[in-house]
Each structure stands twice: as C-alpha cells, then as structure tokens.
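Following: one structure in structure tokens, then a few remarks.
In listed order, ligands and their atoms are each counted from 1. For the single chain, residues carry numbers from 1 onward in sequence order. None of the values given here were measured: they were computed from a predicted structure.
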Amino acid sequence: MRILVAGGAGFIGSNFIHHLIETYPDYEVVNLDKLTYAGNLANLRDLAGNPRYSFIEGDIADEATVIKAVSDVDAVVNFAAETHVDRSIHVGSRDFVLANVLGVQTLLDAERKRGNIRHLQVSTDEVYGSLDLDDPSAFTEETPFAPNVPYAAAKAGGDLLCRSFFKTFGSDVLVTHCSNNYGPYQFPEKIVPFFIDRAMNDQPLPLYGDGKNVRDWLYVRDHCSALDTVLHKGKAGEVYNIGGNAEKPNIEIAKYILRILDKPESLITFVKDRPGHDRRYAIDATKLRTELGWQPSRKFEDGIAETISWYKNNQEWVNNIKAKAENINNHLG
Ligand SMILES: NC(=O)c1ccc[n+]([C@@H]2O[C@H](COP(=O)([O-])OP(=O)(O)OC[C@H]3O[C@@H](n4cnc5c(N)ncnc54)[C@H](O)[C@@H]3O)[C@@H](O)[C@H]2O)c1
C-alpha cells in the first residue's frame, strides 16, 4: 500500500509516519507538508534514506501539487492543518480557512478525479463545542457541530466537505474526531510540552482562568493506532470519535508535570481567560470500540511520564524548535 500523509512533518503526522513504517514492512509513505512554523523535518530525521519514505514540500490547497501527489497512492491521511487555537484568535483565521477548508476541498477533488483513493480526515473533538463541568454526557458521532473558535469552525468546514463528497460523489471518505493528544514531537506552544519546558526552566506555568477547563487526554501513539484501525477497517462515509478515557482539568496537568519533575506547585500562575474558551470536552468512543475493536493502550500516568522523559532527553530538539518559534514571534511583532 502507498499512503500519502498530508501534514506529516507535524506532531501527530510524524508519529503516524513512524507508526506506519514500523508496523507495515511493505508500505510506502509519501509525506506532503508545507513546512509552516509547525512543520519540522527533524521529527523524521531517522527516516532519511529509507527507500519506503519520501517527502514533497507543498501546500494541500495548491491544485497542481495535490493532483501530482495523489496520482500514485492508494490512500490519503490528512493531518495538514493550522492547529493552534490561540493563533486563530490572536493572529488571525485566514490561514486556518485556507488550510483546513480549501486544503481539504483541494485534496478531495483531486482524489475524486483520480478515483479509487481512500481519504481519512483527521479531525478534532473541538468541532462539537463545549460541555458544562457538571454535564455527565460526552460527545458522540451524532452530537451536532457547534464550534466556538475559528480553528474549530475551520476544521468543521473540512469535515462537512468530507461528508458532502461521500453523499454527492460516493467518495471513499472517513472522518475521525479525536480528543487532546500528548507525546513526543509536539510543538512547545501546546500546553503539555509548553508546561514541561517552563517547569524544567523554573518558569511560571500560566493557566487560563481558574484552570478547571477539562480535556480528555490521549497518548499520540494510541491516536495513531486508532487511525490505523479506521483506515483499514472503517466503513466509507462514517465518522468515528477517538478518546482516551482520561478527562483531566488543566490544573491537574500542570500538577502532574510539576510533581514528576520535582518542582513546586508555586510555579502555577493564573492568567486572564482566553475568549471562546471551551469549558469541557469529553469523547464517547463506544462506536470505535464496539464496531472496529480499538481501545487505548497507554494509561495517562504512564504516557505523561514517558512524554516528560522524552522532552528531557531531547533538549536539542526542544531548543531548536524554540529558537524557530522565537523568530516567528519576533517576525509577527
Ligand atoms: N494535537 C491535538 O491534540 C489534536 C487532536 C485532535 C485532532 N488533531 C488534528 O490532527 C491534525 C494534526 O495536528 P498536530 O497537532 O499534529 O498539528 P501540527 O500543527 O503539529 O502539524 C500540522 C502540520 O501540517 C502542516 N501544514 C499546515 N498547513 C498546511 C498546508 N496548507 N499544506 C500542507 N501542510 C500543511 C504543517 O507544516 C505541520 O507539519 C490536525 O488536523 C488537527 O486538527 C490534533
């Protein structure tokens, strides 16, 4: 099988490429990535020279690039997206629409014209909006979309395009909605690597609002195994929720990290809440478990400890990406 992984130089995409290469000795993987600030080929350095891996630098919203990239593949797994909620609020949402909506349309159209390609759209639980802290329910595949921030709205747009291509053209399309991921190779603007880095450097850990916003946490390699399951066993046109059964308030995440690194809780500070901040996400992954037989294998306590060790042992990777992020932020003013 030859698989095009779009956005494979990012956090989850690079973990997924490692997963495919390790799990399927006869698979070939092509990585199509625009290398935005979040794309980092250092995540895939160990695959340089591997005859089963190749890289195309390009934009999923660019028709000519995409038509060529899908010409000889059996499946496309699309991770490519603008992903940082704070950027979609404070920097602007145009790039989010270009990548997360127009990019998906460009891929779907090129795949339809080529024919006989399975498309797996990697999406987020954020499209479902927010639950109250005292609401015992969780998002199912039937929960209506109610995105509250531009990032989530743009992802929802891409997901709806997928649905429409299945309904209108019979395209072989699947969509997944996953909860928050953590693990190696995550850009340190996201809460887990950001807090690990701050704690290691004895800097304050800023929590939005009261720190009680709840997310469901999934180890990135468990997300990869879920995507593998959906790609190989999922039914065309279906949507699958992916979750970790590990709901935690953000303040708990901060405390875990401080405890494991043996740092004082006094490093926790509270800052003004961000606009549109969803209170709670919770995923009901019953469909994936009962219909396709997937469940997460890592307990949160083990996954977070492994993740912290990875960041401790990969300081060069962290420092390089921090230097890159500083340049971008200076450039943005
Ligand atoms: N991180 C999470 O917790 C999480 C949870 C659920 C779903 N998701 C979804 O998973 C996907 C991957 O998330 P991530 O955290 O790895 O993101 P990331 O920001 O680390 O990586 C995104 C990658 O996409 C590339 N990219 C961006 N725009 C592109 C374009 N127009 N053309 C080609 N490449 C482009 C970037 O260069 C980067 O390599 C996203 O679609 C996201 O919505 C993420």
Side-chain angles (χ1 to χ4, degrees), residues 4-18 30-44 55-63 65-66 69 76-88 94-107 120-128 139 147 149-159 162 175-194 215-224 226-227 230 240-244 246 253 281 283 285 307 321 324-325 328:
L4 181 74
V5 175
F11 163 47
I12 310 173
S14 60
N15 277 286
F16 187 67
I17 290 176
H18 281 116
V30 183
N31 175 11
L32 168 63
D33 198 295
K34 187 180 172 184
L35 297 183
T36 67
Y37 76 97
N40 186 3
L41 289 178
N43 299 359
L44 298 154
F55 174 64
I56 304 169
E57 182 171 347
D59 189 333
I60 57 162
D62 181 73
E63 261 189 322
T65 304
V66 168
V76 172
V77 184
N78 182 31
F79 296 90
E82 286 294 333
T83 62
H84 194 43
V85 173
D86 295 74
R87 280 177 188 270
S88 80
R94 185 178 163 77
D95 284 348
F96 287 73
V97 174
L98 292 177
N100 305 5
V101 183
L102 186 62
V104 177
Q105 180 272 330
T106 309
L107 282 171
L120 171 52
Q121 179 66 17
V122 181
S123 191
T124 164
D125 58 1
E126 302 196 27
V127 297
Y128 296 125
F139 301 133
V149 287
Y151 159 68
K155 287 297 291 184
D159 300 348
C162 288
V175 177
T176 57
H177 297 291
C178 187
S179 59
N180 278 42
N181 285 215
Y182 65 96
Y185 301 118
Q186 189 168 27
F187 195 87
E189 66 188 350
K190 305 278 171 47
I191 184 168
V192 168
F194 179 61
R215 304 291 180 258
D216 172 42
W217 290 93
L218 181 68
Y219 189 67
V220 65
R221 282 299 190 114
D222 276 334
H223 187 188
C224 293
L227 293 172
V230 174
Y240 299 92
N241 283 352
I242 307 172
I253 300 293
Y281 302 137
I283 277 278
T307 301
I321 205 161
K324 191 173 152 192
I328 295 157

_When you compare the side chains of Y281 and E126, does any donor N or O come within less than 3.5 Å of an acceptor on the partner?_
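There is such a pair between these side chains.
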*Cation over ring face, R221 and F16, 6.0 Å, 45°*: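 The answer is no; the distance or angle limit is not met.
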*asked:* Show me, by chain and number, every protein residue that has a heavy-atom distance under 4.0 Å to ligand 1.
replied: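 For ligand 1, the residues that come within the 4.0 Å heavy-atom cutoff are G7, A9, G10, F11, I12, D33, K34, L35, T36, A38, G39, G58, D59, I60, F79, A80, A81, T83, A99, V122, S123, T124, Y151, K155, C178, S179, N180, N181.
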*Measure the shortest side-chain to side-chain distance between Y151 and K155 over non-hydrogen atoms and say whether it is less than 4.5 angstrom.*
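Sidechains of K155 and Y151: in contact.
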*Could you tell me whether the side chain of N181 reaches within less than 4.5 Å of the side chain of F11, counting heavy atoms only?*
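In short, these two side chains touch, coming nearer than 4.5 Å.
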*What residues, two or more places apart in sequence or in another chain, satisfy ring-ring contact (aromatic ring centres under 6.0 Å, His included) together with H18?*
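Residues passing ring-ring contact (aromatic ring centres under 6.0 Å, His included) with H18: Y185.
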*Checking N31 side chain against F55 main chain: does a donor-acceptor pair fall under 3.5 Å?*
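The answer is no, because no donor-acceptor pair under 3.5 Å joins these two groups.
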